[in-house]
**Q** 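The structure's right below; bear with me while I get my questions together.
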Amino acid sequence: MPTGTILLIDDETQLRTVVGRLLELEGYTVLQASDARRGLQALHDHADEVLLVLSDVKLPDGHGVELLPRYKAQAPLAEVVLMTAYGTVADGVRAMKAGAFDYLTKGDSDDQLLVVAERAVEKARLQHRVADLERQVAGAQSTFDAIIGHAPALEAAKHLARQVAPTDATVLLGGPTGAGKELFAQAIHGASGRRQKAFVAVNCSAFSRELLESELFGYKKGAFTGAQADKKGLIEEANGGTLFLDEIGELELGLQAKLLRVLESQEFLKIGDTKPTRVNVRLVAATNRNLKQEADAGRFRPDLYYRLSVFEVQVPPLSARRADVPALVEFYSRQLAAKLTRRPLVLTAEALRALQAYAWPGNVRELRNVLERAAILTPAGQPLDLDGLPLEIQLAAAAPAGPAAADDERSLRRVEEQHIRRILLEAGGNKTEAARVLGIGLTTLYRKVQEYGLG
């Protein structure tokens, strides 16, 4: 037996009674309204429950086709079927173009009404399931499970972040660019009581001072030339949720003062407004700078620094967790395979060792970019070997290891070997070209290649 909630809107009491009873006998829960105003209110109150709106076209206070967008705005996942006493093909076409599921003429058979209702409810139910799955996927991406790796430095950072996540404390994430600070911010939001509300991310270095102020705080109509309507700022958009300010060290001193007021009083003034706007926002900030040193140098407000650093979490660079490189390679290889519609990259042992030996100044972001480039350039079915990696990674793989490495690096012999190796790589193995660049004879180069075992 079908189940689900149907909202029936019609000004004819007798018809509502008959159709409502018919639908209830089929197992539906039926809500009834006699006009558009009551119908919209009922839809507002039961937006998550209503799967189908059955609405008369000619209501005392509105036309069904014109009301369609308002029905959809109140319950985006519900379907709408319009009913009329005098149906025409033109009206039906107009209704379908406006987004109606179907268009019925009153007096049609009860069986037709029930068939259309069942189909519409099933489609709405499917849309709800899809939306639930999308929320689950988004939720999985906003948890600590989305942070790949188990190196001790990373686990220590995750442990601290998990502890602070359920609270409303302000969090300051430190660490180099590309280390995954935004991923940590999303995980903190996803593990908090605010996870059902918005997560709004802003890169403070991406805007000029004036533009960032209007984007963060919003403005009133007429506040400046071009302000033709009120604008809600991103702080207000994050109301009830989390505001993530990346690269907060780039924030201009005047905006730092305004942000400090938000943190202390949970209110701010929009540009051109005289009445404060109140919000309930949790702030997570990130920086690749030492804000304490910036504050001591007068480039950052000390009071804002101390307000931000209630709880600090240092996100480690990839160089501090090289044991996580194989797991990251596997994760991104599968992700890129789905994006590029091809099989995941398979790396040779030599290529994987080279990736682990590299210092990764660009951190996880650089690793992903290297893998994306390799996925595009590596022929299908072939493994990614050392030659398929960027030159700087190949050179890192060739560097000596062990306690004597530092002393060996300074020796004249080692400098010569490294220089010849680099020129050979840049020349693509062409010894004639390499000898020309080095300014030595080809015979001398062959002797050096043999001496240093450069192949």
**Q** Taking atom types as modelled and ignoring hydrogens, do the side chains of His44 and Gln74 form a donor-acceptor contact shorter than 3.5 angstrom?
**A** no

**Q** Quick one: do the Thr5 and Tyr28 side chains pair a donor with an acceptor below 3.5 Å?
**A** no

**Q** Is it true that Arg261 and Glu267 make a salt bridge, defined as a side-chain N closer than 4.0 Å to a carboxylate O?
**A** yes

**Q** Salt bridge between Glu372 and Lys339, side-chain N to carboxylate O under 4.0 Å?
**A** yes

**Q** Any side-chain donor-acceptor pair under 3.5 Å between Asn239 and Arg278?
**A** no

**Q** Do Asp303 and Arg301 sit within salt-bridge range, that is, some charged N less than 4.0 Å from a carboxylate O?
**A** yes

**Q** Is any NZ, NE, NH1 or NH2 atom of the basic residue among Arg353 and Glu350 found under 4.0 Å from an Asp or Glu carboxylate oxygen of the other?
**A** no

**Q** Could you tell me whether Arg119 and Glu79 have a side-chain N and a carboxylate O separated by less than 4.0 Å?
**A** no

**Q** Would you say NZ of Lys72 has more than 12 non-hydrogen atoms from neighbouring residues, nucleotides or ligands within 6.0 angstrom?
**A** yes

**Q** For Glu294 and Tyr305, does a side-chain donor sit closer than 3.5 Å to a side-chain acceptor?
**A** no

**Q** Scan side-chain atoms only and decide if Thr348 and Asp385 contain a donor-acceptor pair under the 3.5 Å cut-off.
**A** no

**Q** Can you tell me how far the CD atom of Glu215 sits from the NZ atom of Lys232, to the nearest 0.5 Å?
**A** 14.0 Å

**Q** Using only heavy-atom distances, determine whether the side chains of Asp45 and Gln41 contain a donor-acceptor pair under 3.5 Å.
**A** yes

**Q** Charged N to carboxylate O below 4.0 Å: is that the case for Lys270 and Asp230?
**A** no

**Q** Distance under 6.0 Å and angle within 45° of the ring axis: does Lys123 meet both against Phe101?
**A** no

